[in-house]
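Owing to the predicted nature of the structure, the values given are computational and were not obtained by experimental measurement.
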Amino acid sequence: MPELPEVEVTRRALAPHVEGRRVTGVVVRDARMRWPVPRELPQWLVGQRIDHLDRRGKYLLWQVEAGTLISHLGMSGSWRVHLAPPPAPGRHDHVEIHLDRCWLRLTDPRRFGALLWHPRADGDIAQHPLLAHLGVEPFDPRFDAALVYAATRGRTAPIKQVLLAGDIVVGVGNIYASESLFRAGINPKLPARRLGPMRCARLVEAVREVLAEAISVGGSTLRDFVGAEGAEGYFMREAAVYGREGAPCRACRTPIRRLLQGQRATYYCPRCQR
DNA sequence: AAGGTAACCTGACTGC
DNA sequence: TGCAGTCAGGTTACCT
C-alpha cells in the first residue's frame with residue numbers, strides 16, 4: 001500500500017494527536033507481523049511521552065523517552081486515529097495504542113508490516129539494521145544529480161529497479177517509480193549506468209515533484225488505502241501511466257505499455273520515454 | 001558487489 | 001454460485 005507519500009500523509013495526520021502525549025495503554029491482539037511484535041511492548045511504552053513522530057523512508061519513528069518505536073506499513077498497513085473509543089476490533093486490527101484522549105489502531109491484513117522497539121541504550125536509531133543502509137531522503141538537498149550520477153555508475157540493472165531498491169533515494173515505491181520515470185522521460189528498461197548527468201538531473205526533479213504532488217493530494221488510493229483520519233487519497237486519479245495499460249498517453253496518445261521487471265509491474269509510454 | 005528469485009500473507013478480482 | 005488462478009502499494013534472505 002504505502003509508499004513515502006502515504007507514510008508522510010499518515011505521519012502528518014497522527015502527529016498533532018500524539019506528539020507531547022503520554023501512552024496510557026498498549027494492546028497487542030495479534031503479534032504476527034513481518035517479525036513478531038515484541039510481547040514486552042506494553043511494558044516498554046506505557047507511561048512514556050511521545051516526543052516526536054518522525055519518518056525515515058517508509059518507516060514511521062515514534063520517539064519516546066526510552067527509545068524509538070519503529071513502524072512499517074508493509075503492503076497493506078494503516079494507522080487510524082479515533083477520538084472516541086473505537087468500535088470492536090476487526091480481524092486485522094492487530095495493535096492498539098491508547099493515549100490520554102485518543103486511540104490509535106494498526107490494521108494490516110497482509111501482515112507484511114512491522115512494529116519493533118529500539119531502546120535508547122542501543123544507540124543511534126539511524127544505525128538500526130533496517131535503517132542503516134537506506135538511501136538519502138528525496139527532499140534532502142543532498143539528493144541531487146551528482147549523487148544519482150555517481151551512485152549509478154557500474155549499475156547494469158534497469159533504472160526502474162535501481163530506483164525501487166531504495167539504496168540511492170528512499171521512498172519511491174512501485175507506483176511512483178513508474179510515474180517519476182514518465183515525468184523524466186526516461187525508459188524504465190534503461191540500464192542505470194547509461195544515465196548521463198542531464199537525465200540524472202531530470203530524474204531528481206521528477207521524483208521530487210511526483211512525491212510532493214502525491215503528498216499534497218493525500219497519497220494514492222489503491223484498493224483500501226485511507227489516511228489516518230479516514231480520508232481517501234486522490235493521486236491515482238491523476239496517474240500518468242500507473243495502471244493505465246492500453247490507455248492513451250496523456251501527452252502523445254500512444255498506448256501505455258505494461259511490463260514486468262523483477263516480478264513487479266512497470267507502466268510507461270514507449271514514445272515519451274526513451 | 002550486484003543481480004535474480006523466492007518468500008512472507010490476505011483479499012479482491014477474473015474467467016471458466 | 002463456486003473454484004482455481006492471478007495480482008496487489010514492500011522488503012528481506014538467500015543463492016549465484
Side-chain angles (χ1 to χ4, degrees), chain A residues 1-11 29-37 55-60 70-79 90-94 106-116 128-135 150-181 188-194 207 210-211 214-215 217-228 232-239 241-246 258-267:
Chain A
M1 165 215 284
E3 301 182 35
L4 181 145
E6 291 73 34
V7 178
E8 178 62 17
V9 166
T10 298
R11 190 194 67 76
R29 297 203 168 84
D30 189 345
R32 297 173 305 159
M33 301 270 283
R34 164 135 212 177
W35 298 281
V37 177
R55 180 188 58 69
R56 174 73 175 104
K58 298 168 190 168
Y59 292 91
L60 281 175
I70 303 172
S71 127
H72 194 291
L73 299 175
M75 291 275 256
S76 59
S78 61
W79 281 101
R91 195 152 108 77
H92 303 299
D93 295 334
H94 307 316
L106 176 63
T107 304
D108 188 356
R110 290 177 75 180
R111 291 190 276 115
F112 286 173
L115 198 58
L116 298 170
H128 188 282
L130 291 174
L131 308 181
H133 304 292
L134 296 180
T152 49
R153 296 313 89 187
R155 296 193 60 171
T156 57
I159 183 59
K160 155 76 173 349
Q161 288 175 264
V162 168
L163 208 46
L164 215 45
D167 53 344
I168 297 178
V169 61
V170 292
V172 183
N174 205 40
I175 296 177
Y176 301 121
S178 283
E179 293 296 315
S180 299
L181 288 167
K189 290 182 281 192
L190 190 76
R193 71 200 299 184
R194 294 195 36 212
V207 165
V210 164
L211 295 180
I215 291 169
V217 297
S220 296
T221 296
L222 204 61
R223 297 173 196 282
D224 56 1
F225 177 79
V226 289
E232 296 194 345
Y234 289 93
F235 187 85
M236 287 301 289
R237 258 189 215 177
E238 23 192 293
V241 290
Y242 190 86
R244 299 191 64 240
E245 182 183 20
R258 176 186 190 270
L259 69 127
L260 280 181
Q261 295 183 290
Q263 346 269 52
R264 320 280 320 262
T266 301
Y267 298 87

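One can place CG of A:L211 at 13 Å from C1' of C:dG9, the figure rounded to the nearest angstrom. To the nearest angstrom, C1' of C:dC7 lies 12 Å from CG of A:N174. Here C:dT12 presents its P atom at 10 Å from NE2 of A:H133, a figure rounded to the nearest Å. C:dC7 atom P lies 17 Å from atom CD1 of A:I175, rounded to whole Å. Between the CD atom of A:Q261 and the C1' atom of C:dC7 there is a distance of 17 Å, rounded to whole Å. At whole-Å resolution of the value, NE2 in A:H128 and C1' in C:dT11 are 14 Å apart. To the nearest angstrom, P of B:dT10 lies 15 Å from CG of A:D93. Computed from coordinates, the A:D108 CG to B:dG11 C1' distance equals 12 Å when rounded to whole Å.
The shortest non-hydrogen separation linking A:L134 to A:V170 is CB-CG1, 3.6 Å. Contact record, A:P109 with A:S76: CD-O, 3.2 Å, taken as the closest heavy-atom pair.
The residue A:A265 sits close only to the backbone: its heavy atoms come under 4.0 Å of sugar-phosphate atoms, none of a base. At a threshold of 4.0 angstrom between heavy atoms, the contacts of A:L130 are confined to the sugar-phosphate backbone, with no base atom among them.
For A:H92, whose side chain is taken as the heavy atoms from C-beta onward, the closest listed nucleotide among B:dT10, C:dT11, C:dT12 is B:dT10. Residue A:R111 places its side chain closer to B:dT10 than to any other of B:dT10, C:dG9, C:dT12. Closest to the side chain of A:R258, out of B:dT10, C:dG10, C:dC7, is C:dC7.
A close approach under 4.0 Å does not occur between any side-chain nitrogen or oxygen of A:Y59 and OP1 or OP2 of C:dG10. Within the 4.0 Å cut-off from OP1 or OP2 of B:dT10, not a single side-chain nitrogen or oxygen of A:R91 is found.
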**Fill in**
Writing each nucleotide of DNA chain C 5' to 3' as (, ), [, ], | or . by Watson-Crick or G-U pairing under 3.5 Å yields .|||||||.|||||||
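Remark: A:R193 CZ to A:R153 CZ distance equals 8.5 Å, nearest 0.5 Å. Note that CZ of A:R11 and CZ of A:R55 are 7.0 Å apart. Values are rounded to the nearest 0.5 Å. Taking CG of A:N174 as the reference point, atom CD of A:E3 lies at 7.0 Å (rounded to 0.5 Å). One distance of note links CG of A:D30 with CG of A:D108; it measures 10.0 Å at 0.5 Å rounding. A distance of 6.0 Å separates CZ of A:R111 from NE2 of A:H94, quoted to the nearest 0.5 Å. If you take CD on A:Q263 and CD on A:Q161, they are separated by 9.0 Å, rounding to the nearest 0.5 Å.
Rounded to whole Å, the separation between the P atoms of B:dC9 and C:dC3 comes to 24 Å. Across B:dG3 and C:dG9, the matching C1' atoms stand 23 Å from one another, rounded to whole Å.
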**Fill in**
Whether each nucleotide of nucleotides 2-8 of chain B has a protein heavy atom under 4.0 Å at its base (B), only at its sugar-phosphate (S) or at neither (-) is summarised, 5' to 3', as -S-SS-B
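Not one N or O on the side chain of A:E8 forms a donor-acceptor pair closer than 3.5 Å with the backbone of A:L211.
Counting heavy atoms from C-beta outward, A:L130 and A:L116 have side chains that approach closer than 4.5 Å.
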